[in-house]
Amino acid sequence: SDRDRIVASAGIPKKDLLDKPVSKQIEELMRRKKPFISSGEDTVLAADGGLRTANAVFPIISDGDICGMLMLIKGENASPGEPEENLRLAKLAASFLGREMVQ
């Protein structure tokens, strides 16, 4: 997402999230520049008025400013939480996007 809306989606029906405003929970994580990683059953709502939740959320930070968030959305039949490898890759992707925003 950028700071206001979900701007890209992969692996799930795009209409579920694409171009929807981010949820208040995501806005709060952005304000604090904090990641969120589910410990099992806890999740955060990805978009306002949506039903999709995120198992993990990582801030995209460029020059100390928040640009958006990278979210791992919980699948419909997925088990709780995210594999450690997915978390490492998502954190790396958020860091890469933040560095690319500078250029």
(message) I need the minimum non-hydrogen distance between Ile26 and Leu45, along with the two atoms involved.
(response) CG1-O, 3.5 Å
(request) Just do the side chain to side chain contact (heavy atoms under 4.5 Å, CB included) check on Glu28 and Val44 with the steps written out, would you? (result) CA-CA 11 Å; Glu28 179 61 21; Val44 295; over 6 Å; no
(message) How long is the straight-line distance from OG of Ser23 back to CE of Met71, given to the nearest 0.5 Å?
(response) 7.0 Å
(request) Calculate, to the nearest 0.5 Å, the distance between atoms NZ and CG belonging to Lys74 and Asn55 respectively. (result) 6.0 Å
(message) Could you measure the distance from the OG atom of Ser9 to the CZ atom of Arg52? Nearest 0.5 Å is fine.
(response) 8.5 Å
(request) Please name the pair of heavy atoms, one in Pro59 and one in Ala94, separated by the smallest distance, quoted to 0.1 Å. (result) O-CB, 3.6 Å
(message) Would you compute the distance between atom OG1 of Thr43 and atom CZ of Phe36 and round it to the nearest 0.5 angstrom?
(response) 6.5 Å
(message) Would you compute the distance between atom CG of Leu51 and atom CG of Leu17 and round it to the nearest 0.5 angstrom?
(response) 10.0 Å
(message) If hydrophobic clusters are built from ILVMFWY residues whose side chains come within less than 4.5 Å, do Leu29 and Leu72 share one?
(response) no
(message) Can you tell me if Lys20 has over 12 outside heavy atoms packed within less than 6.0 Å of its NZ?
(response) yes
(request) Show your reasoning for whether side chain to side chain contact (heavy atoms under 4.5 Å, CB included) applies to Ile37 and Phe58. (result) CA-CA 8 Å; Ile37 299 172; Phe58 296 95; 4.1 Å; yes
(request) Take Val22 and Met69 through the side chain to side chain contact (heavy atoms under 4.5 Å, CB included) test and state the conclusion after the steps. (result) CA-CA 10 Å; Val22 296; Met69 300 295 259; over 6 Å; no
(message) For a 4.5 angstrom cut-off between non-hydrogen side-chain atoms, does Leu97 reach Leu70?
(response) yes
(message) Test of understanding: with side-chain contact (heavy atoms from CB on, under 4.5 Å), list the residues that count as partners of Ser95, not counting sequence neighbours.
(response) Arg99
(request) Would you mind checking if Glu85 and Arg88 are paired as a salt bridge, meaning a charged N to carboxylate O distance below 4.0 Å? (result) no
(request) Could you tell me whether the side chains of Ser62 and Asp65 share a donor-acceptor contact shorter than 3.5 Å? (result) no
(request) Go through the steps to decide whether Lys33 and Ile61 satisfy the test side chain to side chain contact (heavy atoms under 4.5 Å, CB included), and finish with yes or no. (result) CA-CA 8 Å; Lys33 298 180 185 176; Ile61 299 173; 4.1 Å; yes
(message) For the CZ atom on Arg5, are there more than 12 heavy atoms of other groups (residues, nucleotides or ligands in this structure) within a distance under 6.0 Å?
(response) yes
(request) For residues Ile66 and Ile60, determine if any side-chain heavy atom of one lies less than 4.5 Å from a side-chain heavy atom of the other. (result) no
